[in-house]
Amino acid sequence: MTHYQHLLGRQFEWQVKDCYGLLRDFYKDIFHVDLPNFARPEDFYQRGLNLFQEHYREVGFRELNVHPSEYKFGDVILCAIDSSFGNHCGVFVENGRVIHHLYGRLSEVSPFRGIVRNSCIGVYRHKDVTDVSAPQTEVKDLRDFLSPKKQKKLDELRATYSGPQEQAD
């Protein structure tokens with residue numbers, strides 16, 4: 001999860017660190033895709049400005065009509081929270097979870113359920129995001145960080161307390 005950890009816990013600031021700002025930063029940092037920063041008055045959805053619906057195609061998104069099991073890392077959700085059209089967005093990350101930033105709260109990763117799932121009106125995929133698998137975290141053996149002398153001592157201790165090495169692993 002460290003590839004987007006820096007986007008979590010941000011204070012909400014309209015037009016800068018709001019849900020769309022988080023989407024923009026995520027796409028720039030993870031996929032190197034620059035999304036435009038559309039002007040959006042704070043009460044845009046109360047004024048009837050359906051901003052995402054008006055612009056999603058021109059910035060490279062297409063709506064998905066697939067089973068939720070086919071949602072992938074990087075797919076964007078659009079929610080209508082107390083509105084007749086989309087006024088909140090987020091991005092699918094690992095394990096069926098979404099990174100998003102609700103009004104007045106800190107940005108977070110949460111399961112795709114509750115208010116986010118119940119208010120979801122669409123899921124979208126960007127044309128430039130072809131490999132939508134989660135970036136792999138490199139796994140290292142902690143022994144690689146030990147000196148050869150310490151590795152030998154560790155092996156001796158494991159053999160003493162666990163039996164032969166094959167059994168210990």
Side-chain angles (χ1 to χ4, degrees), residues 1-140:
M1 184 168 77
T2 57
H3 48 283
Y4 56 82
Q5 183 73 32
H6 64 287
L7 299 173
L8 299 176
R10 301 190 325 179
Q11 293 287 334
F12 190 93
E13 183 181 345
W14 189 257
Q15 290 197 37
V16 180
K17 292 183 179 177
D18 55 9
C19 63
Y20 183 67
L22 180 70
L23 169 65
R24 292 180 66 237
D25 292 344
F26 185 94
Y27 261 68
K28 182 177 180 80
D29 295 351
I30 303 300
F31 301 121
H32 308 290
V33 172
D34 287 313
L35 299 174
N37 191 13
F38 295 108
R40 49 195 183 281
E42 196 164 351
D43 60 348
F44 72 93
Y45 63 98
Q46 294 166 335
R47 292 183 187 189
L49 301 173
N50 194 347
L51 298 176
F52 194 83
Q53 201 64 31
E54 291 173 14
H55 298 290
Y56 79 90
R57 284 186 188 93
E58 72 189 59
V59 298
F61 286 97
R62 65 179 169 84
E63 189 167 10
L64 298 177
N65 292 308
V66 299
H67 188 272
S69 65
E70 296 180 54
Y71 297 159
K72 299 184 184 216
F73 184 90
D75 287 345
V76 173
I77 63 163
L78 183 62
C79 302
I81 300 175
D82 295 328
S83 173
S84 59
F85 54 83
N87 61 354
H88 179 63
C89 61
V91 183
F92 275 100
V93 292
E94 302 89 1
N95 303 319
R97 299 177 330 145
V98 175
I99 183 171
H100 65 117
H101 203 166
L102 284 167
Y103 184 85
R105 294 177 52 185
L106 298 177
S107 57
E108 65 181 351
V109 171
S110 59
F112 184 54
R113 63 177 183 227
I115 191 169
V116 176
R117 184 171 187 147
N118 294 339
S119 63
C120 181
I121 59 170
V123 179
Y124 302 81
R125 187 168 293 157
H126 196 275
K127 67 179 178 62
D128 294 332
V129 178
T130 54
D131 179 12
V132 290
S133 60
Q136 296 298 313
T137 303
E138 183 179 355
V139 177
K140 292 208 173 238

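All heavy atoms count here, side chains included; hydrogens, waters and symmetry mates do not.
In this structure the side chain of His126 never reaches within 4.5 angstrom of the side chain of Tyr56, judged on heavy atoms. Inter-residue side-chain proximity for Leu102 and Ile81 is flagged as met; some heavy-atom pair is nearer than 4.5 Å. Between Lys72 and Arg125 the shortest side-chain heavy-atom distance falls below 4.5 Å. With contacts defined as side-chain heavy-atom distances shorter than 4.5 Å, the pair Cys79/Val116 qualifies. Side-chain contact between Phe31 and Asp128 is absent, with no heavy-atom pair separated by less than 4.5 Å. Looking only at side-chain heavy atoms (C-beta outward), Leu7 and Phe26 come within less than 4.5 Å of each other. Using a 4.5 Å heavy-atom cutoff, the side chains of His88 and Tyr103 are not in contact. Between His100 and Cys19 there is no side-chain heavy-atom pair separated by less than 4.5 Å.
Scanning all heavy atoms of the two residues, the minimum distance from Tyr20 to Pro36 falls at OH-O, 2.6 Å. Residues Leu22 and Ser107 come closest through the heavy atom pair CD2-CB, 4.3 Å. Residues Tyr4 and Arg97 come closest through the heavy atom pair OH-NH2, 4.3 Å. Across Arg117 and Pro68, no two heavy atoms sit closer than the pair NH2-CG, 3.9 Å.
Atom CD1 of Ile77 is separated from atom CD1 of Ile99 by 11.5 Å, given to the nearest 0.5 angstrom. Atom CZ of residue Arg24 and atom CG of residue Leu35 lie 7.0 Å apart, to the nearest 0.5 angstrom.
Ring pair Phe112/Phe92: centre-to-centre distance below 6.0 Å. The aromatic ring centroids of Phe61 and Tyr27 lie less than 6.0 Å from each other.
Within a 6.0 Å sphere centred on CD of Gln11, heavy atoms belonging to other residues, nucleotides or ligands number 12 at most.
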*asked:* Could you go through Phe12 and His101, starting from their C-alpha distance and side-chain angles, then the distance that decides it, and tell me whether this counts as ring-ring contact (aromatic ring centres under 6.0 Å, His included)?
replied: CA-CA 7 Å; Phe12 190 93; His101 203 166; 5.2 Å; yes

*asked:* Apply side chain to side chain contact (heavy atoms under 4.5 Å, CB included) to residues Val109 and Val93 and explain how you reach the verdict.
replied: CA-CA 8 Å; Val109 171; Val93 292; 4.0 Å; yes

_Let's go through Val91 and Leu23 carefully: what are the C-alpha distance in whole Å and the side-chain angles of both, what is the deciding distance for side chain to side chain contact (heavy atoms under 4.5 Å, CB included) to 0.1 Å, and is it a yes or a no?_
CA-CA 7 Å; Val91 183; Leu23 169 65; 3.5 Å; yes

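We find that Asp25 and Arg10 are joined by a salt bridge, their nearest charged nitrogen and carboxylate oxygen being less than 4.0 Å apart.
Panel note: side chain Asn118, backbone Gly114; a donor-acceptor pair is recorded below 3.5 Å.
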